Amino acid sequence: MTEFNFSEELLTAADKAEDKTEAVFARIDEICRRNSEKVLKAFIDNGVADMHLKGTTGYGYGDDGRDKADQVFAQALGAEDALVRHGFVNGTHAISTALFGVLRPGDLLLAVTGRPYDTLEEVIFGEKGGSLKEFGVNYKQIDLLPDGRPDIKAIMEQSRGAKAVYIQRSRGYSLRPSLTVSVIMEIAEAVKAVGSKAIIMVDNCYGEFVECVEPTSVGADLIIGSLIKNPGGGICSTGGYIAGKRELVELCSYRLTTVGTGKEVGCSLGQNREIFMGIYNAPLAVSNALKTSVFAAAFFEELGFTALPDYRAYRTDIICSIKLGSPERLIAFCEGIQAASPVDSMAAPEPWDMPGYNCQVIMAAGCFTMGSSIELSADAPLREPYAVWLQGGTSYFAARVGVMNAAQRIIDKGLMKK
């Protein structure tokens, strides 16, 4: 039985999809167990107490809860130090802070996974507003190979003169594979093999706790992400983090606050409890999101669509891309996700000119935190190949309904493949 009026075709496809994913789900559960133990150990080793859940106001001097959260994140992420703040407005803000923190005029930023995500374009290449380009930071780019792997030979040739090597772990609005931690280690080893002192920076958004280790454990000097994605566990209402080498995290803190005060200032305004609860719950939230991604891939493959990655694939982020083939199907899919959301289910998502993107974008996200993509959401640019990027799902069984409802909406509009 189900509370929702799904067609027999969809109910059958869902059962078949879950039968096929049983072994993959077991692997996800094992990763969740190991990461949950790692996070719990970080809480215990750093002596988190009730007093650390409270907040401060004003300058935030002596905010032991804020500092304790930095220590917990650093240990859980395999880093020397971390800067975890509700003042980061999104992942792009955290990445921008890190870039401006470690780069100086005349330095070279070498992107080795192709062009960075859309919202970073103004940060790096913008002609006004104080971009890296305006401050005299040079930029080079190495595209990925046709199979989606990094061009190790080119990286070795070009990284000698770079101040920072930038890696985007997840895919953005592309259909390439996300990068595994082992591939990130391969890049780091290639950079160091030629004697380069470049800072290896990883945009870690959507990747935290998907594997049992983070990039900081295999050679990355800095990793950066958002708290309304994986590490916030669906609990944090805002924020981001930067983690890695202690001296680099300090430089980044000078960009967030002021040179000389860095991490010593910044009141927590009652956000510490959310941050602690968020990372504590993150491994479980991520495992539910992964199961949602795997189910969606298997389910839509049953319906004749192509999903990337395939449901059997080893995953290193929580995203599933589904090639829908037309703008009408894309819009219908997002309508179905929105209609099966706990918040704003009555709303109808429409494409719009979203700041930071070069074409119209449609987003479906009936979440408790606006824009949270560890909660079930779907978004896409309205351009070929009209693929949708599905992510999140802190409750697998509720998210499963959302995925099925997206397909039902396509059927109801007469748009299903024949």
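Treat the numbers as computed from the prediction; the structure is a model and nothing was measured.
Counting heavy atoms from C-beta outward, Tyr314 and Glu211 have side chains that approach closer than 4.5 Å. With contacts defined as side-chain heavy-atom distances shorter than 4.5 Å, the pair Gln71/Lys68 qualifies. Taking the side chain as every heavy atom from C-beta outward, Glu335 and Asn405 never approach each other to under 4.5 Å.
The closest side-chain donor-acceptor pair between Glu274 and Ser237 falls under 3.5 angstrom. Side-chain contact annotation: Thr56 with Arg66, donor-acceptor N/O pair under 3.5 Å absent. Between the side chains of Asp379 and Gln391, at least one donor N or O lies within less than 3.5 Å of an accepting N or O. Of the N and O atoms on the side chains of Lys291 and Asn288, not one donor lies less than 3.5 Å from an acceptor on the other residue.
Note on ring orientation: taking the six-membered ring where Trp is involved, the planes of Phe300 and Phe333 are tilted (angle from 30° to 60°). Classification of the Phe25-Tyr396 ring pair by plane angle, with boundaries at 30° and 60°, yields perpendicular.
Electrostatic pairing of Glu127 and Lys133 counts as a salt bridge here, judged by a charged N lying under 4.0 Å from a carboxylate O. Salt bridge absent: Arg27 and Glu30 never bring a charged side-chain N and a carboxylate O closer than 4.0 Å.
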- [ ] Give the C-alpha distance, both sets of side-chain angles, the deciding distance and a yes or no for side chain to side chain contact (heavy atoms under 4.5 Å, CB included) between Ile228 and Ser373.
- [x] CA-CA 7 Å; Ile228 63 170; Ser373 43; 5.7 Å; no
